[in-house]
A.B. asks: 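Just dropping this structure here.
Values reported hereafter were calculated over all heavy atoms of this structure, with side chains retained and with hydrogens, waters and symmetry mates removed.
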Protein chains: 2
Amino acid sequence: MPATQTRQRLVETARDLFYRQGYARTGVAQILKQAGVNSGSLYHYFGGKQDLLVAVLEHYRENLWPEVLDPVFDRTDEPIERIFGVLDGYRNMLLLTGCGGGCPIGNLALELADPDPRVRALLVENFENWRKAIGACIDQAAHRFPAEIDTDALSTFVLTAMEGGVMQARTHRSLAPFEASVAMLRDYFDRLLVRDR
Amino acid sequence: MPATQTRQRLVETARDLFYRQGYARTGVAQILKQAGVNSGSLYHYFGGKQDLLVAVLEHYRENLWPEVLDPVFDRTDEPIERIFGVLDGYRNMLLLTGCGGGCPIGNLALELADPDPRVRALLVENFENWRKAIGACIDQAAHRFPAEIDTDALSTFVLTAMEGGVMQARTHRSLAPFEASVAMLRDYFDRLLVRDR
DNA sequence: GTCTATATATTGATAGAC
DNA sequence: GTCTATCAATATATAGAC
């Protein structure tokens, strides 16, 4: 097979296993087996398991727009609907995984207590890119929010609501806590946007 | 030393290491070394590493009131201030750990992708006890909220805000995302409680 | 209940031929 | 770039004397 495909398959397999089992519980041997790749190839492309994690986090960063945001943003131009459309995407992910999946970045962020600087920087970058995309939607609708609202803090709060809701849904293996969280966030937005401004 | 102290020290040491390093990254040998206990004693009291985790989660359950809630509830009777007092306790925990700690239950909930049923039940129980304590505060102030507000969902949302804020604070190693999240939650409460009812 | 010594499996990573 | 074989370290758990 072409050289780049081996590397690519390693990254995709690692992403899949890290997501389903976590980083520590996934062994290099399991990645090799599932990817159909030999040990020598992995250590030809990567310095080790942690470099594979770095590649996975870079992959998530590269795929935020094409996989998470674009499909939602293509369906509507309305900035507030875009925000809740993104949240609905996470609801779908929970549905598809029987509430067992959650947010891959959030999972890694809490599993890795003291991550290598490169890893932590990529976790931060993934969070920040997500938050900035939401922040841009809020800014587009800035004239509809009360002037005293800190729109940067509000974008943080949207990420907070997503991650906190997903965490509870995953623990309960139920959509209910996620849906309750999004409903409360929606109520908050409704009250902020109580009339057109 | 007395028999019960050996068991107790194992649980406390495991709690400390699971909190600082995560469950998977903590080896039984490390727990034994730090606790000053021999292998034979651990397997006398516990079936294995996972049973130690169960004991740690039971410990957290037993200590929710004495360690997390009572110190706050003793300072004020006002139910809304109690809620934000609890959140301020997590801010303190973040401060004390250089934002590296976070919520021990949330950390384990996301690290353990597919936990043993006993473990998952205890994670749920820990979340539920916390949420119910917040819910009781909300119920005490129920007359001050708009009638259409789902107070059960609101207590879920408080836990969501805490966990999501803590996750970001831990990732950024900064209090700012946690404080922003709590500030937005406070703003939401202020708008809900816009006048005395 | 506690002790030391050890079993067995698995971990991440490497060597060196092709 | 890929292959097989294997290393050294560490993992959890156990055996059996005291």
A.B. asks: Heavy-atom contacts under 4.0 Å between residues 18-32 of chain A and DNA chain C, which residues?
C.D. replies: T26(A), G27(A), V28(A)
A.B. asks: How would DNA chain C look in dot-bracket form, 5' to 3', counting Watson-Crick and G-U wobble pairs with both distances under 3.5 Å and writing | for bases paired to another strand?
C.D. replies: |||||||.||||||||||
A.B. asks: To the side chain of H44(B), which of dT14(D), dT2(C), dC3(D) is closest?
C.D. replies: dT2(C)
A.B. asks: Could you check whether Q8(A) and E12(A), counting side-chain N and O atoms only, form a donor-acceptor pair closer than 3.5 Å?
C.D. replies: yes
A.B. asks: Rounded to the Å, how far apart are K33(B) NZ and dA11(D) P?
C.D. replies: 11 Å
A.B. asks: Answer yes if the ring centres of F84(A) and F189(A) are under 6.0 angstrom apart, and no otherwise.
C.D. replies: yes
A.B. asks: Any donor-acceptor pair under 3.5 Å linking the side-chain atoms of Q34(B) with those of T13(B)?
C.D. replies: no
A.B. asks: How many Å lie between CG on N38(B) and P on dT2(C), as a whole number?
C.D. replies: 9 Å
A.B. asks: Would you compute the distance between atom CD of Q140(A) and atom CD of E78(A) and round it to the nearest 0.5 angstrom?
C.D. replies: 9.0 Å
A.B. asks: For Y45(B) and dT14(D), give me the distance from atom OH to atom C1', rounded to whole Å.
C.D. replies: 18 Å
A.B. asks: Heavy atoms under 4.0 Å, any strand shown: does G40(B) hit a base, just sugar-phosphate, or nothing?
C.D. replies: base
A.B. asks: Check T156(B), I138(B), I134(B) against T151(B) for a side-chain contact (heavy atoms from CB on, under 4.5 Å) and give me the one that passes.
C.D. replies: I138(B)
A.B. asks: How many whole angstroms separate atom CD of Q50(B) from atom P of dA11(D)?
C.D. replies: 18 Å
A.B. asks: Is the shortest distance from a Lys or Arg side-chain nitrogen in D114(B) or R20(A) to a carboxylate oxygen in the other one below 4.0 Å?
C.D. replies: no
A.B. asks: If you take atom types as modelled and just measure distance, does the side chain of S39(A) reach the base of dT14(C) with a donor-acceptor pair under 3.5 Å?
C.D. replies: yes
A.B. asks: Looking at dT2(D), I'd like to know if its phosphate oxygens (OP1 or OP2) sit under 4.0 Å from a side-chain N or O belonging to S41(A).
C.D. replies: yes
A.B. asks: Calculate the interatomic distance between Y43(A) atom OH and dT11(C) atom P; express it in whole Å.
C.D. replies: 11 Å
A.B. asks: Can you classify the ring geometry of F127(B) versus H172(A) as parallel (below 30°), tilted (30 to 60°) or perpendicular (above 60°)?
C.D. replies: parallel
A.B. asks: Rounded to whole angstroms, how far apart are NZ on K49(A) and C1' on dT10(D)?
C.D. replies: 13 Å
A.B. asks: Could you report the tightest heavy-atom contact between Y23(A) and L108(A), atom names first, then the distance?
C.D. replies: CB-CD2, 4.1 Å
A.B. asks: Could I get the full list of side-chain hydrogen bond (donor to acceptor under 3.5 Å, both in side chains) partners for E81(B), not counting sequence neighbours?
C.D. replies: R186(B)
A.B. asks: Using whole Å, what does the distance between atom P of nucleotide dA13(C) and atom CG of L52(A) come to?
C.D. replies: 10 Å
A.B. asks: Please report the distance, rounded to the nearest Å, between CG in L42(B) and P in dT4(C).
C.D. replies: 15 Å
